[in-house]
Undergrad: 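Starting off with a structure, shown below.
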Amino acid sequence: MITLTPTLSSALRDLPLDAKEPTVESQFVELALLGALGFGAGEFCKQFKTGQGAKAVDYALRKSRADDSFLHTQSAPYLLIEVKGRDTKLQENSTGYRNTVKQLKEYLNDPNCKTVQWGLITNAQHIQLFRKHGKVIHPATPCLEITLENVEEIVANIRRKIDRPAKALTVAVYANKGGVGKTSTTVNLAAILGHSEKKKVLVIDFDPNQRDLTHSVKMTPSEDGLFTVLTDRKADLRAAIQPYTIAHKGKEHYFFDVLPADKQLTQMGDAQLRKLLKMDRLKQKLAPVLSEYDYILIDCSPNWTIFSQLAMVAADVVLTPVGFNNFSALRNVMVTATEYIPEAQKHCGDGSPVQLPIFFNGGKLTDKSKNMVNDAIEEILKDAAIAGFDLREIFFPKSTNAMKRHDIFEIPNYANVAGAVFTGIPAAYQYRPANEYYRSLAKEYFLA
């Protein structure tokens, strides 16, 4: 007798409305969801030990190889699934949702999960996919309500994503204020990732009015390279990319690739460009090269112009340097998180981009100053909460109810970082202290 695997919709239909977690696991996840995601017998493990004490995630999965059943070896997991009963609410911003996402993120960062690229939460009423890239964990879909009518399509889309993961993490380096070190952050972070860590990195100068990044690597802005890429549907972005190399001790050293700014973009006003460019144009143009790079770093213009908006829509995450003792810069972070990023997310439809925690750039705070900054941030958090936003993880990512204050990550003031712009060589390559600063930045935010 042949037993047919139930469809997702039939499994969902037969699931009790008050199903507890074990019932959701047996009658929905194991009966239909795992198979719909492309995993068969021997390719999943229940209560997988994540390597942090006794913690165990509900399911770990990986396709078995010719001589390696994942169930047998339980090595190199690829996807984690955390399941809840229908009595746990998973609507976005609910307590159950926040607790479950936090739980999943902890599993994803545990020692036995270094190879994991995806995480999934579900209670058979809602489902959401998260992507893991190094240390970065960000939504790959919104938290979606599943019904008998849409469950097949939603899960099929999730399967397409996990079957064909993009290699690159796209990072918009953005602050709604000038002079906070966006360009120096972009160039030196690229130098660490590209040269020291041997990652393939593409850097985009998307501030055509200033063109600081292009000048800082001693490149000449093109006449219309980036403009052509954005306005000509047939133009290949690769044609406008230039490698950044330097000669040192008789040897040519490759650092990263650069898409320099161009002059044509500055000759058209914002209104004209909006008629030519849809918000997802840069995202579309980057799609063919996502499999060629590990990181794509976009140096954004400081204001909420069409360039910043295109960059945000193209990005997975947003990295924001903030000046020391600059209250307006801190307030601008709230504006970005509560207004600009949600606007970009509406265009994307997949939960991206998300704001990474801020870091202080270019100074050193005294203990007294830190207390003043912390108090100012607490006021900002209260204002954001009134508007319906919980921004604590952006300002104090490691704080708990017992410890609400936390030292924000810092890049100290170092004169040679700014001075390096005159040499055309990243400070992280020239000076050991700068190298250590930016290496610590890469490890804090990106490298697992």
Side-chain angles (χ1 to χ4, degrees), residues 135-136 171-190 192 206-207 210 212-213 297-305 308 311-312 315 317-342 344 353-385 387 389-399 404-415 417-418 421 427-428 434 437-438 440-446:
K135 271 190 177 178
V136 176
V171 183
V173 183
Y174 177 79
N176 190 30
K177 187 173 180 60
V180 294
K182 293 186 298 297
T183 299
S184 62
T185 296
T186 305
V187 169
N188 286 289
L189 183 59
I192 290 296
F206 218 49
D207 187 0
Q210 299 294 329
D212 287 344
L213 189 145
L297 307 180
I298 308 174
D299 185 24
C300 301
S301 60
N303 300 313
W304 193 233
T305 64
S308 300
M312 284 274 200
V317 296
V318 180
L319 180 66
T320 300
V322 176
F324 283 83
N325 298 323
N326 194 323
F327 185 68
S328 63
L330 294 172
R331 299 289 305 187
N332 282 334
V333 173
M334 183 183 75
V335 173
T336 299
T338 60
E339 296 181 23
Y340 301 158
I341 287 180
V354 296
Q355 174 77 59
L356 295 175
I358 66 166
F359 69 95
F360 284 132
N361 191 47
K364 187 169 181 59
L365 285 171
T366 64
D367 288 341
K368 181 179 178 180
S369 296
K370 285 182 181 180
N371 289 333
M372 293 175 62
V373 169
N374 283 338
D375 289 341
I377 290 175
E378 290 292 350
E379 291 300 315
I380 291 171
L381 293 176
K382 289 177 184 177
D383 291 343
F389 292 88
D390 182 358
L391 303 185
R392 184 162 292 277
E393 287 193 359
I394 293 175
F395 290 98
F396 299 132
K398 297 177 183 179
S399 67
K404 291 191 174 182
R405 295 182 179 235
H406 174 71
D407 287 338
I408 295 168
F409 185 83
E410 300 175 18
I411 294 287
N413 187 24
Y414 187 53
V417 171
V421 70
Y437 296 155
Y438 286 101
S440 65
L441 177 70
K443 289 182 177 179
E444 176 75 11
Y445 286 88
F446 300 107

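Predicted, not measured: the structure shown is a model, and the values here were computed from it. All values below were derived from every heavy atom in this structure, side-chain atoms included, with hydrogens, water molecules and symmetry-related copies excluded. Along the sequence shown, residues are numbered consecutively beginning with 1.
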Undergrad: Show the nearest heavy-atom pair for residues Ala427 and Ala434, with the distance to one decimal.
TA: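 Nearest heavy atoms, Ala427 then Ala434: O-CB, 3.5 Å.
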
Undergrad: How close do Val318 and Pro353 get, counting heavy atoms only, and between which atoms?
TA: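 Smallest heavy-atom distance, with atoms named: CG2-CB, 4.0 Å.
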
Undergrad: Tell me the closest heavy-atom pair linking Gly178 and Pro302, and the distance in Å.
TA: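 In terms of heavy atoms, the two residues are closest at N-CB, 3.8 Å.
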
Undergrad: Please determine which of Ile358, Asn361, Ile408 meets the side chain to side chain contact (heavy atoms under 4.5 Å, CB included) test together with Val322.
TA: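 Per the side chain to side chain contact (heavy atoms under 4.5 Å, CB included) rule, the option paired with Val322 is Ile358, out of Ile358, Asn361, Ile408.
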
Undergrad: Could you check whether any side-chain heavy atom of Pro321 comes within less than 4.5 Å of a side-chain heavy atom of Phe359, counting everything from C-beta outward?
TA: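 Contact flag for Pro321/Phe359 side chains = yes.
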
Undergrad: Is Lys182 paired with Asp212 through a side-chain N to carboxylate O contact shorter than 4.0 Å?
TA: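 No.
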
Undergrad: Partners of Tyr340 by ring-ring contact (aromatic ring centres under 6.0 Å, His included), sequence neighbours excluded?
TA: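 Once residues adjacent in sequence are excluded, the partners of Tyr340 under the ring-ring contact (aromatic ring centres under 6.0 Å, His included) criterion are Trp304.
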
Undergrad: Met312 and Thr336: side chain to side chain contact (heavy atoms under 4.5 Å, CB included), yes or no, with the steps?
TA: CA-CA 11 Å; Met312 284 274 200; Thr336 299; 3.8 Å; yes

Undergrad: Side chain of Asn188, backbone of Ala428: donor and acceptor closer than 3.5 Å?
TA: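 Yes; judged by distance alone, with no hydrogens or angles, the pair exists.
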
Undergrad: Quick one: do Leu441 and Thr185 satisfy side chain to side chain contact (heavy atoms under 4.5 Å, CB included)? Show the steps, please.
TA: CA-CA 9 Å; Leu441 177 70; Thr185 296; 4.2 Å; yes

Undergrad: Provide the closest heavy-atom pair for Ile394 versus Ala337 in the form atom of the first, atom of the second, distance.
TA: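 Looking at all heavy atoms of both residues, the closest pair is CD1-CB, 3.8 Å.
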
Undergrad: Between Tyr445 and Val136, is the side chain to side chain contact (heavy atoms under 4.5 Å, CB included) condition met? List the steps.
TA: CA-CA 7 Å; Tyr445 286 88; Val136 176; 5.7 Å; no

Undergrad: In the structure I gave you, are the side-chain heavy atoms of Leu330 and Ile377 within less than 4.5 Å of one another anywhere?
TA: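 Yes, their side chains come closer than 4.5 Å.
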
Undergrad: Could you give me the CA-CA distance, side-chain angles and deciding distance for Thr320 and Leu356, then say whether side chain to side chain contact (heavy atoms under 4.5 Å, CB included) is met?
TA: CA-CA 7 Å; Thr320 300; Leu356 295 175; over 6 Å; no

Undergrad: On a heavy-atom basis, which atom in Met334 and which in Asp383 lie closest, and how many Å separate them?
TA: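 So the two residues come closest at SD-CB, 4.1 Å.
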
Undergrad: Kindly give the heavy-atom pair with the smallest separation between Tyr174 and Ser301, and that separation in Å.
TA: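 Closest heavy-atom pair between Tyr174 and Ser301: CE1-O, 3.3 Å.
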
Undergrad: With a 4.5 Å cut-off on side-chain heavy atoms, are Ser440 and Phe409 touching?
TA: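 Yes, at least one pair of side-chain atoms sits under 4.5 Å.
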
